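Since we're looking at a predicted model, the values are computed, not measured. Sequence lines set the chain letters: A, B, ... in the order given, protein chains first and strands last, and positions in each chain run from 1.
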Amino acid sequence: MAVAEDIRPTSETLLKVRAPRRPANMGQFIRWALLFAGGIAMVMPIAYMISTSLKWPHEVYNLKLIPDEPTIDNYTYVLEDGRFYWWFVNSIIIAVITTVSNVLFDSLVGYTLCKFRFPGRYIVFIAILSTLMIPTEMLVIPWYLMSQQFGWLDTYWGIMFPGLMTAFGTFLMKQFFETVPDDFIEAARIDGLNELQIWWTVAMPLVKPALAALAIFVFLGNWTAFIWPLIVTNSVEMYTLPVGLSSFGDEADVAWELIMTGAAISTLPTLVVFLIFQRFIIRGVVMAGLKG
Amino acid sequence: MANLILRDLVKTFDRTEVLHGIDLEVADGEFVVFVGPSGCGKSTTLRLIAGLEEVTSGTIEIAGRVVNNLEPKDRDIAMVFQNYAIYPHMTVRKNIGFGLRSSKAPRAEKEKRIEEVATILGMSDLLSRKPSQLSGGQRQRVAIGRAMVRDPAVFLFDEPLSNLDAQLRTQMRLEIKKLHQRVGSTIVFVTHDQVEAMTMADRIVIMKDGYIQQVGTPAEVYHKPANTFVARFIGAPSMNMIPGAVNGGGTLALETGGTLAFDRPLPEGRKVTLGVRPEDLGPGHDNPVIEGKVTVREPLGHETLIYVGTASGEVIAKADGRTPPEVGETVRLGALTENMHVFDAETGEALA
Ligand SMILES: Nc1ncnc2c1ncn2[C@@H]1O[C@H](COP(=O)(O)OP(=O)(O)OP(=O)(O)O)[C@@H](O)[C@H]1O
Ligand SMILES: [Mg+2]
């Protein structure tokens, strides 16, 4: 007995020392491999975009990543083309206004649905949520007919109006306002703030990370929106960037090198937006962590 | 400074009545503590006073003015919440100053007021910190500062100390009491901790299930509990309850045997409950009440609590700290008649 007990722990320890190392290595290997594959999948399109933007037209269908004769002519061409600036400005205006509008109004509605009890509150919430299930493709025709009647075709307002508020944003903000304790709001009420002031000075700063996330979503979504802007705009000056870029080239040939050049340039603002708001997200997480 | 009067206050949530007619007068500058078990309606009462909930019926009067239909900000009250409700995104200065946002006083005056409050609370050098850089006690002080800065007529506290550890709680208890002596405002303080209630209150309001059970000074509710609920709620360990009946000639017969002579008039023939506090009950007493075997001893130093198994259940008594009875020993426990409480067995109301 005593001997058996003496031996057993040693063999077990041996096993223990060995056993976990292998799965850890395997697991780690798989994890790295997956991450690497994911990384490649993310980077490849960007790499091709940049590579193509540096190619001459005849080289475009050659899938080599490094162009044989790199050129920056495409960039000079796109940047010297006045239309590109129009589209860029249009996209900026639309994305910025839509983002601001969503951040304000989604959170107003989300806050109201979250923190006020009123008859029909639940029905309103369900109604808003249910619109999430209708895809854009189904909506563009009614939108178009409506815009036609109202005379909104080919205007900024026409491009923007469907996205000024989103059900998703409202839902997101409602969920985040749940994390703001009611005490905070009641304390402010006792201190004499009106409801709008409470929303703005107390509730909004506490959901900054969510606002930043929403801002990124909405900005990117509008920056890359294609179908609706394509349908609602007619004149080249009203095009947004994606619509405009797709119009490069003629009926016979798509000018991929120009499209990719435009795309490469148009990713810059999204990068800027992401870098600005990402800080808020990280800071928000840090703040939340320190609180309790 | 102002008094506060609640008249027949009723509150109903979705047809469930949770307060059934609260009547209370709080004098100017008085420190009143609401105490009672969870769910008895303490917070609801406080929130009605604050104006955070609408009154179903009855009136609330602050400084001679019915405030039922006034907004919280117009009631001249300030409230401190259990989890402080100080804003993590603002500095201590901003948090304290928050209560002044709607005031029209000039900026310099507001600043002065904030400094003043910070000095009283000993937080002058913490003004530029964020709440995340403060300890629990300091956060609670900020919350109190925010309430103080407006110099309200009535302070409302809803379990402000329950998030603090025991030592800090004792310290803050004292600080709030000192603060009260210094600013002299009327305070309504909610807690479910009877020690907090006893140590801080001028008067205690004991609530249960939406009814007030008793209102009185700490001494009154301790020495003259109005019913068995108050008797058992106030004081730790709880009062012993021994069933019995009143015999002729003002004597009390216990179910466990034994008769006690009473000098106070008792209603003859009534079934009663005899209440004796553990600290009033002990072995080797001239006036024996009950006997049993010691099951557990809890030495507390200067005295020892003994748990005694008797014919009517376990009874807690106090014994000498140096030579307490052994576990298993049979003891006869007695008490002075004046320390005995007699309650109606059915209604629980105090009889004598
Ligand atoms: N908004 C509400 N809707 C419905 N019922 C409520 C609401 N607020 C409180 N109640 C009910 O009213 C009763 C009293 O609640 P209250 O919060 O006043 O208790 P309390 O004495 O403060 O208890 P605790 O010590 O746990 O804080 C409880 O039964 C509670 O369920
Ligand atoms: Mg409560």
Which atom pairs, one a donor and one an acceptor, fall under 3.5 Å between side chains of residues 60-71 of chain B and the rest of the protein, sequence neighbours left out?
residue : atom : partner : partner atom : Å
B:Glu61 : OE1  : B:Arg7  : NH1          : 2.9
B:Arg65 : NH2  : B:Asp74 : O            : 3.0
B:Asn68 : OD1  : B:Ile60 : N            : 2.8
B:Asn68 : ND2  : B:Gly58 : O            : 2.8

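- Between chain A and the residues B:Arg47, B:Gln82, B:Met90, the largest count of heavy-atom pairs under 4.5 Å involves B:Arg47.
- By the side-chain contact (heavy atoms from CB on, under 4.5 Å) test, A:Leu113 pairs with A:Val109, A:Phe118, A:Arg121, A:Val124, A:Phe125, A:Ile128, A:Thr170, A:Lys174, sequence neighbours left out.
- Residues B:Pro88 and A:Phe184 are in side-chain contact: their nearest non-hydrogen atoms beyond the backbone lie under 4.5 Å apart.
- The local environment of CG in A:Leu268 is crowded, with over 12 non-hydrogen atoms from other residues, nucleotides or ligands closer than 6.0 Å.
- Neither the backbone nor the side chain of B:Ala143 comes within less than 4.5 Å of any heavy atom in chain A.
- Evaluated for a side chain to side chain contact (heavy atoms under 4.5 Å, CB included) with A:Asp183, the options B:Asn83, B:Leu52, B:Ile86, B:Asp158 yield exactly one hit, B:Asn83.
- The number of heavy atoms from other shown groups lying within 6.0 Å of CD (B:Glu111) is above 12.
- Here the side chains of A:Asp191 and B:Arg101 are not in contact, with every heavy-atom distance at 4.5 Å or above.
- Around the CZ atom of A:Phe217, the shell of radius 6.0 Å holds no more than 12 heavy atoms that belong to other residues, nucleotides or ligands.
- Annotation for A:Trp152: atom CH2 counts as buried by contact number, over 12 foreign heavy atoms lying within 6.0 Å.
- Atom NZ of B:Lys94 has 12 or fewer heavy atoms from other residues, nucleotides or ligands within 6.0 Å.
- Of all heavy-atom pairs spanning A:Ile190 and B:Ala50, the tightest one is CD1-CB, 4.1 Å.
- By the 6.0 Å contact criterion, OH on A:Tyr122 is open, its count of non-hydrogen atoms from other residues, nucleotides or ligands being 12 or less.
- Counting heavy-atom pairs closer than 4.5 Å to chain A, the top-ranked of the candidates B:Gly99, B:Gly136, B:Pro131, B:Ala147 is B:Gly99.
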Would A:Glu186 and B:Met79 satisfy side chain to side chain contact (heavy atoms under 4.5 Å, CB included), going step by step from the backbone distance to the final call?
CA-CA 9 Å; A:Glu186 291 178 341; B:Met79 185 155 166; 6.0 Å; no

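- With a 4.5 angstrom heavy-atom cutoff, B:Arg75 does not touch chain A via any of its atoms.
- Under the 4.5 Å side-chain criterion, counting only non-hydrogen atoms from C-beta, A:Leu193 is in contact with B:Phe98.
- Scanning all heavy atoms of the two residues, the minimum distance from B:His89 to A:Thr201 falls at NE2-O, 3.0 Å.
- Annotation for A:Ala187 and B:Arg146: closest pair CB-NH2, 3.1 Å, computed over non-hydrogen atoms.
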